[in-house]
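Numbering starts at 1 and runs along the sequence shown.
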Amino acid sequence: MQQRDPTLNKSRATTRVALLFLLTILAFILALGAVVQPAHAEASMRRETLTVQTQAGPTVIDIEVAETPDEKARGLMFRAKVPEGTGMLFPYGTPQEITMWMKNTYASLDMVFIRGNGIVHRIETHTEPMSERVIASEGQVTAVLELAAGAAAKLGIKPGDRVQHKAFNAVP
C-alpha cells in the first residue's frame, strides 16, 4: 500500500487558495474598470463644429452636443482627457443661470458660458477634477462649452468673443 505524502495535499490546497485569490483580484479589477470607465462613458453624441471669433481670427472646434437630459448629466464624466481642438456644447433653449460641476470628471476643464446671441459671457478656467463645487454662469446664458483646461487661453477665447453655431441667434 502506498502512503500519501501530506505535503503534497498541503501544496495542492495552497495552490487552490492562491488561484482563488488571484481570480478574486482579477474579478475586482474588472469590476473596478467597469465603474471607472463605463461602456456609456463615450457613447456617441451628435458631433458638429462651431467657430469662435477671437481677436486672432476664427477658431473651429470639433464638438459633441449634449442635448438630452441624460447626455447633459453625463457630459465629459469618466473621460481621461479631452483631445486638443475638441469640446462639448451644452445648449439650453432659454437664457438662464446655468450651474455645472466636475463630479466623476477626471480631466480639468475650461467652461465657456455663452449668451443666447453667441457672445462669451465668462470663462471658468482649470476646473478641479472630481469636485462637487458648483460652477455658476454668473448671469443669463443659453449654453456652456467645455474644453480641455488651458484651451480657452491657448485659443485666445475671451469674454466678448462671438461663438457661431446654430444654437445661438445671430443678433448682437
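Remark: Pro83 engages Thr86 in a side-chain contact (heavy atoms from CB on, under 4.5 Å) (not counting sequence neighbours). Residues passing the salt bridge (Lys or Arg N to Asp or Glu O under 4.0 Å) test with Glu67 are Arg46, sequence neighbours excluded. Every residue was checked against the salt bridge (Lys or Arg N to Asp or Glu O under 4.0 Å) condition with Glu128, not counting sequence neighbours, and none meets it.
Across Thr142 and Ile98, no two heavy atoms sit closer than the pair C-CD1, 4.0 Å. Contact detail for Met111 and Ile135: the closest heavy-atom pair is CE-CD1, 3.8 Å. Here the shortest heavy-atom pairing between Gly160 and Ile119 reads CA-CG2, 3.8 Å. What you find for Ala66 and Pro91 is that their closest heavy atoms are O-CD, 3.4 Å. Looking at every heavy atom in both residues, Ala107 comes nearest to Met102 through O-CE, 3.2 Å. What you find for Thr49 and His165 is that their closest heavy atoms are O-CD2, 3.5 Å.
Pairs engaging residues 51-60 under the salt bridge (Lys or Arg N to Asp or Glu O under 4.0 Å) rule: none recorded [sequence neighbours left out]. Within the structure, the salt bridge (Lys or Arg N to Asp or Glu O under 4.0 Å) test picks out the following pairs touching residues 114-126 (sequence neighbours left out): Arg122-Glu124, Arg122-Glu138, Glu124-Arg133.
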* To do: Run the numbers on His121 and Ile114 for side-chain contact (heavy atoms from CB on, under 4.5 Å), then give the verdict.
  => CA-CA 5 Å; His121 172 67; Ile114 309 164; over 6 Å; no
* Could you go step by step and tell me if Lys72 and Tyr92 meet the side-chain contact (heavy atoms from CB on, under 4.5 Å) rule? -> CA-CA 10 Å; Lys72 287 177 180 170; Tyr92 293 82; 3.7 Å; yes
With a cut-off of 3.5 Å and sequence neighbours excluded, list every side-chain donor-acceptor pair involving residues 144-158.
unit_1 : atom_1 : unit_2 : atom_2 : d
Lys154 : NZ     : Glu84  : OE1    : 3.3
Lys154 : NZ     : Glu84  : OE2    : 3.3

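Screening Ile63, Val60, Thr59 for a side chain to side chain contact (heavy atoms under 4.5 Å, CB included) involving Leu50 leaves a single residue, Ile63.
Atoms CE and CH2, from Met77 and Trp101 in turn, are 6.5 Å apart once rounded to the nearest 0.5 Å. Annotation: the span from Asn104 atom CG to Arg74 atom CZ amounts to 12.5 Å, rounded to 0.5 Å.
Side-chain N or O atoms of Gln96 include none that pairs as donor or acceptor with a backbone N or O of Gln140 at under 3.5 Å. The closest donor-acceptor contact from the side chain of Asp110 to the backbone of His126 lies under 3.5 Å.
Here the side chains of Thr127 and Ser108 are in contact, with some heavy-atom distance below 4.5 Å.
Under 4.0 Å is where a charged nitrogen must lie from a carboxylate oxygen, and between Glu64 and Arg79 at least one such pair does.
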